[in-house]
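Everything on this sheet refers to the single structure shown next.
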Protein chains: 2
Amino acid sequence: MTDQLSLTFAALADPTRRAMLARLTEGPINVSELAEPFLDTMSLPAATKHVKVLERAGLLTKTREAQRRPCELNPDALRDVADWVEPYRAMWEESFDRLDAYLKTITDKSAKQSQPSKAAKGGKKDGRKK
Amino acid sequence: MTDQLSLTFAALADPTRRAMLARLTEGPINVSELAEPFLDTMSLPAATKHVKVLERAGLLTKTREAQRRPCELNPDALRDVADWVEPYRAMWEESFDRLDAYLKTITDKSAKQSQPSKAAKGGKKDGRKK
DNA sequence: TGGTAAATTAACTATTGAGTTAATTAACCG
DNA sequence: CGGTTAATTAACTCAATAGTTAATTTACCA
């Protein structure tokens with residue numbers, strides 16, 4: 001698993017690290033500040049290891065400032081994720097359309113009476129598409 | 001790492017599994033057909049383990065048909081990935097804009113002569129944004 | 001210059017992931 | 001029935017991940 005995209009996906013496969021990224025959208029902060037919300041569930045060395053995983057995945061950049069290590073979000077790596085997933089969008093929108101069409105047939109007044117009764121909830125325009 | 005999104009990201013953190021997903025966009029195929037392109041580098045049981053990882057991540061659905069196991073792409077799990085990454089889009093587009101603005105200042109005819117010479121390639125409209 | 005703060009490194013443990021070969025299940029087919 | 005195909009399970013190895021505590025580095029600061 002040496003390729004860059006795999007490294008990025010692996011880094012994102014952890015709720016602690018995703019929370020750290022979310023925090024970084026508010027601006028650069030030190031490692032200890034990044035770690036702070038998690039110190040009730042893990043030690044500081046454990047948190048700095050998470051930071052290092054994000055760094056190696058190219059998701060954040062660590063600089064130096066005296067003893068502190070201000071970290072900055074590196075959103076370009078996330079663009080690669082978005083670019084990878086984008087071609088699949090047509091597929092999930094298509095399967096939504098199929099569901100939508102199916103729901104139309106079973107809720108249509110002119111439909112036959114052989115309707116699976118429980119499928120009726122959540123009609124068109126339920127806010128999911130796009 | 002028990003949450004669904006982490007499972008999905010972990011499943012995507014492997015080039016073999018991503019290639020399997022890509023293959024599935026062409027339509028449903030059996031496990032052995034999914035495995036075939038990789039049998040020069042790994043055994044069949046190894047490949048079926050990859051399929052199982054994708055299945056547990058909700059990325060594919062396996063059905064039965066005699067001895068065969070037709071697999072179908074389950075694009076909804078990818079929608080979750082797209083939804084997660086989407087809020088970050090503003091950040092990478094913004095950092096692109098900053099680069100773009102910087103490149104404009106150093107390539108602008110009226111700019112001062114203190115120009116990092118090698119930064120000049122790849123001017124505006126290089127096709128990256130969106 | 002001695003103490004303190006920020007972060008990392010070392011050394012270790014436990015769990016999970018990815019792969020192997022061999023054996024087994026399940027269903028078709030002649 | 002007996003053989004073959006498709007896929008999985010078993011049992012095992014090896015490497016990587018995630019965590020721990022203790023020690024160390026680095027730089028500020030009074």
Side-chain angles (χ1 to χ4, degrees), chain A residues 1-21 23-24 27-73, chain B residues 1-21 23-24 27-73:
Chain A
M1 203 256 288
T2 47
D3 68 286
Q4 187 57 46
L5 189 54
S6 295
L7 265 183
T8 304
F9 275 128
L12 296 177
D14 182 285
T16 300
R17 292 193 289 259
R18 291 197 303 276
M20 285 178 167
L21 290 183
R23 173 68 187 76
L24 282 172
I29 52 175
N30 301 331
V31 168
S32 51
E33 295 171 280
L34 257 186
E36 190 275 329
F38 310 104
L39 293 182
D40 54 337
T41 46
M42 73 182 68
S43 65
L44 181 62
T48 79
K49 280 186 187 181
H50 281 299
V51 174
K52 183 155 290 186
V53 171
L54 291 169
E55 190 182 17
R56 292 193 20 157
L59 285 161
L60 70 78
T61 304
K62 216 183 314 180
T63 56
R64 5 190 25 161
E65 191 172 290
Q67 319 101 320
R68 262 145 272 124
R69 297 289 177 276
C71 301
E72 192 180 2
L73 182 65
Chain B
M1 202 256 289
T2 46
D3 69 287
Q4 187 56 46
L5 189 55
S6 295
L7 265 183
T8 304
F9 276 128
L12 296 177
D14 182 284
T16 300
R17 291 194 290 260
R18 291 197 303 275
M20 285 177 167
L21 290 183
R23 175 66 188 77
L24 282 172
I29 52 174
N30 301 332
V31 168
S32 52
E33 295 171 280
L34 257 186
E36 189 275 329
F38 310 103
L39 294 183
D40 54 337
T41 46
M42 74 182 68
S43 65
L44 181 61
T48 79
K49 281 185 186 182
H50 281 299
V51 174
K52 182 155 292 187
V53 171
L54 291 169
E55 190 182 18
R56 291 192 21 157
L59 285 161
L60 69 77
T61 304
K62 216 183 313 179
T63 55
R64 4 192 25 162
E65 192 172 288
Q67 320 100 321
R68 262 142 273 127
R69 297 287 178 275
C71 301
E72 192 181 1
L73 182 65

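Predicted, not measured: the structure shown is a model, and the values here were computed from it.
Here dT16(C) presents its P atom at 19 Å from CG of D14(B), a figure rounded to the nearest Å. Nucleotide dG17(C) holds its C1' atom 18 Å from the CZ atom of F9(A), rounded to whole Å. Between I29(A) atom CD1 and dA6(C) atom P the separation is 14 Å, expressed in whole Å. Regarding D40(B), its CG atom lies at a distance of 11 Å from the P atom of dT20(C), rounded to whole Å.
With hydrogens and angles disregarded, no donor-acceptor distance shorter than 3.5 Å links the side chain of R17(A) to the backbone of L12(A).
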(message) Determine whether R23(A) and L34(A) satisfy the following criterion, side chain to side chain contact (heavy atoms under 4.5 Å, CB included), listing intermediate values before the conclusion.
(response) CA-CA 7 Å; R23(A) 173 68 187 76; L34(A) 257 186; 4.3 Å; yes
(request) Take D3(B) and R18(A), measure what side chain to side chain contact (heavy atoms under 4.5 Å, CB included) needs, and give me the verdict at the end. (result) CA-CA 12 Å; D3(B) 69 287; R18(A) 291 197 303 276; 2.9 Å; yes
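Nearest heavy-atom pair across C71(A) and V51(A) is SG-CG1, 4.2 Å.
Counting heavy atoms from C-beta on, the side chains of H50(A) and F38(A) never come closer than 4.5 Å.
The phosphate of dG19(C) (OP1 or OP2) has no side-chain N or O of S43(B) nearer than 4.0 angstrom.
For residues 45-64 of chain A, every residue pair satisfying the salt bridge (Lys or Arg N to Asp or Glu O under 4.0 Å) rule, not counting sequence neighbours, is listed here: E55(A)-K62(A).
R64(B) comes within 4.0 angstrom of nothing in the nucleic acid, heavy atoms only.
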(message) So if I define the base as every atom that isn't primed, P, OP1 or OP2, how would nucleotides 3-14 of chain D read as a B/S/- string at a heavy-atom cutoff under 4.0 Å?
(response) --BSSBB-B---
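Positionally, the nearest nucleotide of DNA chain D for H50(A) lies more toward the 5' end than for the other of H50(A) and E65(A).
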